[in-house]
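Chain naming here is simple, since letters A, B, ... match the order of the sequence lines and numbering starts at 1 in each. Just so you know, these numbers come straight off a predicted model, no measurement behind them.
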Amino acid sequence: MSAAVNAPAVALPAVALKDVRKSYGPLEVLKGVSFDVAPGEVVAIIGASGSGKSTALRCINGLESIQAGSIEVCGHHVGTQRSDAELRALRQDVGIVFQSYNLFPHLTVEQNVTLAPRRVKRIGNAAAKDLARACLAQVGLAEKADSYPEQLSGGQQQRVAIARSLAMQPKVMLFDEVTSALDPHLTGEVLRVMEKLARDGMTMITVTHEMGFARRVANRTIFMRDGLVWEVGGAEMFAAPRTPELQSFLGSEL
Amino acid sequence: MDIVFNWSYFGYLLYGAMWTLVLSACAFVLGGAAGFLVMLARTAQSRLIRQIALVYVEIIQGTPLLVLLFIAYFGLGVFGIEVPPLVAAAISLMINASAFLGEIWKGCVEAVPRTQREAAECLALTRWQAFVDVILPQAARIATPPTVGFMVQMLKNTSLASVVGFVELTRAAQVINNSTIQPFLVFGIAGTMYFVLCYPLTAWSRSLERTLNVGRR
């Protein structure tokens with residue numbers, strides 16, 4: 001499998017998973033997952049539910065522990081043992097956006113965005129305000145700074161969640177099915193923000209059901225099945241899948 | 001010549017009511033602080049600390065407040081420690097409240113969705129920062145009604161302090177009734193005073209719930 005997952009040898013990968021294994025009790029959900037993501041690359045992970053794609057993503061920023069293998073992220077090593085301090089250092093470089101937004105409901109949009117920079121990076125109030133304005137402008141929501149999350153639509157909330165992650169100036173962004181909880185007519189605004197991020201050179205790994213997005217925006221797409229990387233390829237993979245499993249998966253998705 | 005209820009007796013009841021308030025305030029401040037520590041221990045990462053806190057809560061919740069009061073008042077006296085009735089009452093109410101408030105607040109902390117802590121920790125906040133900035137404010141909102149409810153209960157529980165001779169509202173009424181023998185009148189007035197003290201708390205709780213809910217979850 002590893003032969004199919006070659007990153008260019010010139011640049012050190014931003015993210016590298018090597019033979020990652022993860023079990024919940026007797027159930028092995030990742031059975032030796034390996035792939036590299038180059039800096040500035042956009043990678044989509046597709047696959048049926050239960051294929052391990054979200055778990056793989058969550059392992060990258062230490063939300064899930066791994067039982068074997070290793071993960072290198074921007075110079076941070078994630079092994080089977082990790083300390084809280086190491087995790088926090090890692091998470092300063094890796095942002096994640098969740099399916100259910102997980103905004104802080106008791107804080108305004110601006111406070112949601114500035115909380116981590118103020119607490120973790122200890123930047124001042126004025127600088128935090130400027131940062132929030134810049135990040136919210138990036139997702140097209142500068143005018144919503146004083147709203148509470150509940151007053152926003154799902155698409156807007158998800159864009160705030162992206163801005164909240166961007167405020168920490170991560171080197172890698174993880175997206176965990178970020179449009180799956182949205183009404184179909186709201187997915188477009190979120191995907192457009194992600195496309196813009198990709199064009200601006202952000203390293204992105206996105207677990208998604210949006211095949212159109214994967215084909216159009218991702219440099220490479222990883223198809224996962226049964227806790228394994230089953231097939232990897234560019235946009236051409238969607239037209240000409242090599243494995244019958246991907247073919248039938250794409251047939252069921254489209 | 002019969003002794004009958006008059007305004008000076010009423011003044012004495014007011015004096016008792018004042019001490020009821022003082023004792024309640026002491027008990028709530030001390031019990032709240034201790035309850036906060038119990039809540040922290042009950043939600044701690046260390047299993048051992050959680051277990052110790054649980055044993056404490058089980059023991060205190062299973063002990064009548066009156067027994068705690070007797071231990072504080074008579075028990076410490078055995079060791080030659082002279083405890084004034086106010087102090088004994090405040091200590092026993094504090095211990096009682098710490099177990100109940102700790103358990104109420106633990107439930108409120110756990111009622112905040114787990115994903116909130118996850119989101120905060122994914123932004124590189126420490127566990128404590130996530131707790132203070134994200135979990136606690138949301139838990140406090142959930143905690144307001146049951147906490148005020150407990151305050152009302154505690155204010156009425158201060159009447160137990162009368163048995164160790166502390167002159168609060170109930171003890172004052174008892175003293176007056178001993179001379180006037182007008183129990184319906186005297187205890188009726190005392191009961192009304194308790195209501196007057198408790199009602200604003202309940203009303204306050206209701207208004208807090210309304211304001212805290214505006215535009216938010």
Step-by-step side-chain hydrogen bond (donor to acceptor under 3.5 Å, both in side chains) determination, Q138(B) to Q116(B): CA-CA 10 Å; Q138(B) 298 184 59; Q116(B) 288 285 307; 2.8 Å; yes

task: Mind checking the CZ-CG spacing from R50(B) to L40(B)? Nearest 0.5 Å is all I need.
output: 13.5 Å

query: Where does V97(A) contact chain B at under 4.5 Å (heavy atoms): side chain, backbone, both or neither?
result: neither

message: Is it true that S98(B) and Y56(B) share a donor-acceptor pair across their side chains at a distance under 3.5 Å?
response: yes

Portion of N102(A) that has a non-hydrogen atom of chain B nearer than 4.5 angstrom: both

- prompt: Do you know which of L63(A), L90(A), N61(A) has the most heavy-atom pairs under 4.5 Å to chain B?
  reply: L63(A)

- prompt: Do you know which of R119(A), Q92(A), K121(A), M168(A) has the most heavy-atom pairs under 4.5 Å to chain B?
  reply: R119(A)

field: Engaged part of R118(A) at the chain B interface, taking heavy atoms whose separation is under 4.5 Å
entry: neither

- request: Go through the atoms of F104(A) and report whether side chain, backbone, both or neither lie under 4.5 Å from a heavy atom of chain B.
  value: both

Side-chain atoms of residues 73-96 of chain B: list all donor-acceptor pairs with protein atoms under 3.5 Å, sequence neighbours left out, distances to 0.1 Å.
residue, atom, partner, partner atom, Å
S92(B), OG, A88(B), O, 2.9
S92(B), OG, A89(B), O, 3.0

task: Under 4.5 Å, counting heavy-atom pairs only, tell me which of L115(A), L174(A), V94(A) racks up the most with chain B.
output: L115(A)

- request: Rounded to the nearest 0.5 Å, what's the gap from NZ on K22(A) to CG on L27(A)? Could you check?
  value: 10.5 Å

- request: For T147(B) and W105(B), run side-chain hydrogen bond (donor to acceptor under 3.5 Å, both in side chains): C-alpha distance rounded to whole Å, both residues' side-chain angles, the deciding distance at 0.1 Å, then the answer.
  value: CA-CA 8 Å; T147(B) 302; W105(B) 293 342; 2.8 Å; yes

